[in-house]
There are 2 protein chains.
Amino acid sequence: MDSLADLLHARGSRVTPQRQLVIQQVLATRGHIVPEAIYAKVSQQFPSINRSTVYRTLQLLEEMGLIQHAHVEEGSTRYHRADDPAHLHLVCHDCNAVQEVEDLSVGEPFRQALLERFGFDCDLTHLAIAGRCQACRQRAPSGP
Amino acid sequence: MDSLADLLHARGSRVTPQRQLVIQQVLATRGHIVPEAIYAKVSQQFPSINRSTVYRTLQLLEEMGLIQHAHVEEGSTRYHRADDPAHLHLVCHDCNAVQEVEDLSVGEPFRQALLERFGFDCDLTHLAIAGRCQACRQRAPSGP
DNA sequence: TTGATTGCAAACCGTTTGCATTAGT
DNA sequence: ACTAATGCAAACGGTTTGCAATCAA
């Protein structure tokens, strides 16, 4: 496998400790991570790092195809590895709990339908879907 | 049907021209509208209105259950009438075009599956789904 | 009259930018 | 030595806030 340094060199980008730390953080994360969290973690090892460097590195990584971002409801942009195992986020609008569904097969027929009916090739990975979770539905069957 | 004024009075809220104009704008809109657009439109009829009044009115309307908001990819929060006909947004990440799908039956099996498998009662109305539209797929079958 | 609502200005948060300095190549 | 990358500070866009003035009740 190509080392991170190789990938950077390949596109004429330089290998700096800041970059290495940011990249390491994101790639070490299972699931989503927000820029502020990356900044906080990297700051521990490299206190002089600036937030803008984190943002710039995230842009770079996305251009390189190593990571992707998603907008999950309110709050900041969430980043995840491009090869992160796909999953749906079931966001409960009552208790705000987020259930992750790793088995994307639930969505496959839906994907197929969108492709056949509208020619739209959608990406169901990392999709956030709002609704009510089981617990909340049992606690109060109708209203909030 | 209850007049807007009745609904406001019912909860002890006052009926101001600013509120009436904002509410009128949102309710007159088919589909989504962003706060800035509401501000721009209302400003024409009521130049002294302030953006914060628009934001405050939107919050009020949402509390009253008349409108809802959604986060469709980047950009500001989008508002729509609570009784807006449901639709999916197919957002193409190549050309940024948004195709609206009014027929929610495409998603019904998916909804059922989530309900049965995870007890999650999801709201597929106004959901934004990322992917590639037909035109972009034909123009360049694989990469962007 | 009086308390809810407004406009204003200032703050907020997440993010981006221009620029001089630093440091990888 | 060359120039990409950094840190800084300042700006950004979207949104929220505290406050005194206003206005619907």
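Note that the coordinates shown come from a computational prediction; the quantities given were computed from them, not determined experimentally. In what follows, every chain begins at residue 1, and chains take the letters A, B, ... in the order their sequences are listed.
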Mind listing the N/O atom pairs, protein and nucleotides 22-24 of chain D, below 3.5 Å?
unit_1  : atom_1 : unit_2   : atom_2 : d
dA24(D) : N3     : Arg14(B) : NH1    : 3.3

Rounding to an integer number of Å, can you tell me how far [X] [atom1] sits from [N] [atom2]?
{"X": "Leu21(B)", "N": "dG7(C)", "atom1": "CG", "atom2": "P", "result": "11 Å"}
{"X": "Arg11(B)", "N": "dA25(D)", "atom1": "CZ", "atom2": "C1'", "result": "16 Å"}
{"X": "Arg51(A)", "N": "dG7(D)", "atom1": "CZ", "atom2": "C1'", "result": "13 Å"}
{"X": "Glu62(A)", "N": "dT15(C)", "atom1": "CD", "atom2": "C1'", "result": "14 Å"}
{"X": "Leu8(A)", "N": "dA5(D)", "atom1": "CG", "atom2": "C1'", "result": "12 Å"}
{"X": "Glu63(A)", "N": "dA5(D)", "atom1": "CD", "atom2": "P", "result": "10 Å"}
{"X": "Tyr39(B)", "N": "dT6(C)", "atom1": "OH", "atom2": "P", "result": "14 Å"}
{"X": "Ile49(A)", "N": "dC8(D)", "atom1": "CD1", "atom2": "P", "result": "11 Å"}

Taking all atoms of both residues into account, what is the closest heavy-atom pair of [X] and [Y], and its distance?
{"X": "Arg132(B)", "Y": "Cys92(B)", "answer": "CA-SG, 3.9 Å"}
{"X": "His32(A)", "Y": "Ala70(A)", "answer": "CE1-CB, 4.3 Å"}
{"X": "Val54(B)", "Y": "Pro35(B)", "answer": "CG1-O, 3.9 Å"}

Quick note, Ser13(B) side chain, CB onward, closest among dT15(C), dT5(C), dT6(D) is dT5(C)
Which of these nucleotides, dA5(D), dT16(C), dT15(D), is closest to any side-chain atom of Tyr55(A)?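 Minimum distance to the Tyr55(A) side chain belongs to dT16(C).
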Under a 4.5 Å cut-off applied to non-hydrogen side-chain atoms, are His71(A) and Thr77(A) in contact? yes
Find out whether Phe110(B) and Leu88(A) are in side-chain contact, i.e. whether some heavy atom of one side chain is under 4.5 Å from a heavy atom of the other.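 A side-chain contact exists here, since the closest heavy-atom pair is under 4.5 Å.
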Taking only side-chain N and O atoms of Gln59(A), does any of them lie within less than 4.0 angstrom of OP1 or OP2 on dT16(C)?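 Yes, Gln59(A) has a side-chain N/O under 4.0 Å of OP1/OP2 on dT16(C).
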Using OP1 and OP2 only, check whether a side-chain N or O of Ser48(A) sits under 4.0 Å from dT6(D). no
Would you please say whether a donor-acceptor pair under 3.5 Å links the side chains of Glu100(A) and His89(A)?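 Their side chains do contain a donor-acceptor pair, which is all the 3.5 Å distance test asks for.
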Parallel, tilted or perpendicular: which describes the rings of Tyr79(B) and His69(B), with under 30° parallel and over 60° perpendicular? tilted
Between Arg19(A) and Ser76(B), which residue's closest nucleotide on DNA chain D lies nearer the 5′ terminus?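 Mapping each residue to its closest nucleotide by heavy atoms, the 5'-most match is Arg19(A).
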Counting any heavy atom closer than 4.0 Å, what does Phe46(A) reach on the DNA or RNA strands: base, sugar-phosphate only, or nothing? sugar-phosphate
Might you work through the side chain to side chain donor-acceptor pair (under 3.5 Å) test for Arg11(A) and Ser13(A), ending with a clear yes or no? CA-CA 6 Å; Arg11(A) 66 195 306 282; Ser13(A) 295; 3.0 Å; yes
Tabulated below should be each protein N or O lying under 3.5 Å from an N or O of nucleotides 18-20 of chain C; please produce it.
unit_1  : atom_1 : unit_2   : atom_2 : d
dG18(C) : O6     : Arg56(A) : NH1    : 3.4

Roughly how far, to the nearest 0.5 Å, is SG of Cys122(A) from CG of Leu127(A)?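 Answer rounded to 0.5 Å: 8.0 Å.
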